[in-house]
Amino acid sequence: QVQLVESGGGLVQPGGSLRLSCSASGITFSRYPMAWYRQAPGKQRELVARITSGSSTNYTDSVKGRFTISRNNAKNTVYLQMNSLKPEDTAVYYCTNLVTGRWGQGTQVTVSS
């Protein structure tokens, strides 16, 4: 039962916040770098943030200072805290294991007034 399940998406007003969660099962979670990607309709999927097994992080420039990726290995979960959301952040957000290439089903984030 190897899978990734995203949750926490929804509709939020510009300037608001959401916290996405990605729960992993069936893997030795702590060993793997994880990432959040997003894809808006008509656009290519883009890397948003990544976190290594040692919890080093990096972000795409458009979200730096607004988004924070973190992980809780005891809970086999990676998070994406999204603050100061903008309409351009609207997309389906996916988590992925950067080594295995496994993806979750995604969670929709819509930023609109």
Side-chain angles (χ1 to χ4, degrees):
Q1 292 187 285
V2 178
Q3 65 176 9
L4 302 173
V5 179
E6 301 98 333
S7 63
L11 175 64
V12 65
Q13 294 183 343
S17 298
L18 286 173
R19 183 177 175 88
L20 307 184
S21 298
C22 174
S23 296
S25 62
I27 62 170
T28 306
F29 179 78
S30 63
R31 297 181 181 179
Y32 296 103
M34 302 290 291
W36 287 95
Y37 282 76
R38 66 187 180 188
Q39 187 167 27
K43 295 184 177 181
Q44 293 184 305
R45 183 176 59 192
E46 67 170 343
L47 176 65
V48 177
R50 64 182 293 274
I51 184 165
T52 70
S53 60
S55 295
S56 296
T57 61
N58 66 276
Y59 304 88
T60 190
D61 286 344
S62 64
V63 308
K64 275 188 174 180
R66 300 189 297 121
F67 290 11
T68 302
I69 188 171
S70 62
R71 66 194 298 160
N72 186 328
N73 290 334
K75 296 183 177 180
N76 279 16
T77 302
V78 62
Y79 305 95
L80 186 68
Q81 178 67 46
M82 305 185 294
N83 299 325
S84 302
L85 283 161
K86 305 174 181 179
E88 66 199 64
D89 296 318
T90 296
V92 177
Y93 284 71
Y94 301 90
C95 67
T96 187
N97 183 319
L98 289 172
V99 172
T100 68
R102 184 170 292 275
W103 296 83
Q105 292 298 305
T107 185
Q108 177 71 49
V109 172
T110 303
V111 184
S112 177
S113 60

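Heavy atoms only: backbone and side chains are in, while hydrogens, waters and symmetry mates are out. For reference, positions follow the sequence shown, starting with 1.
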Looking at residues at least two apart in the chain, or sitting in another chain, which of them share a side chain to side chain donor-acceptor pair (under 3.5 Å) with [X]?
X: Gln39; answer: none
X: Thr110; answer: Gln108
X: Ser17; answer: Asn83

Does anything in residues 40-82 pair up under ring-ring contact (aromatic ring centres under 6.0 Å, His included), and if so which pairs, sequence neighbours excluded?
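Matches after skipping sequence neighbours: none remain.
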Under 4.5 Å side-chain linkage, directly or through intermediates, the cluster mates of Tyr37:
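Reading the cluster by chain and number, Tyr37 sits alongside Leu47, Val92, Tyr94, Leu98, Trp103.
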Can you list, by chain and residue number, the hydrophobic cluster partners of Leu11 when the side-chain cut-off is 4.5 Å?
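Cluster partners of Leu11: none, it stands alone.
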Give every residue pair that meets the disulfide (SG to SG under 2.5 Å) criterion with at least one member in residues 23-113, sequence neighbours excluded.
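Every pair satisfying disulfide (SG to SG under 2.5 Å) with a residue in residues 23-113: Cys22-Cys95.
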Per the salt bridge (Lys or Arg N to Asp or Glu O under 4.0 Å) rule, what does the pair list look like for [range], sequence neighbours excluded?
range: residues 31-42; result: Arg38-Glu46, Arg38-Asp89
range: residues 91-112; result: none
range: residues 75-88; result: none

Nearest non-hydrogen partners of [X] and [Y], listed with the distance:
X: Ser112; Y: Pro14; answer: C-CD, 3.6 Å
X: Thr77; Y: Ser21; answer: CG2-CB, 4.2 Å
X: Ala24; Y: Leu4; answer: CB-CD2, 3.4 Å
X: Ser30; Y: Ser53; answer: O-CB, 3.3 Å

Restricting to side-chain contact (heavy atoms from CB on, under 4.5 Å), what partner residues turn up for Val99, sequence neighbours left out?
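For Val99, the residues satisfying side-chain contact (heavy atoms from CB on, under 4.5 Å) (neighbours in sequence not counted) are Tyr32, Pro33, Asn97.
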With Asn76 via side-chain contact (heavy atoms from CB on, under 4.5 Å) - residues at least two apart
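Partners of Asn76 by the side-chain contact (heavy atoms from CB on, under 4.5 Å) criterion, ordered by chain and then number, come out as Phe29.
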Looking only at atom types and distance, does a side-chain atom of Glu6 sit under 3.5 Å from a main-chain N or O of Gly106, one as donor and one as acceptor?
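Yes, the answer is positive, given that a donor and an acceptor are paired below the 3.5 Å cut-off.
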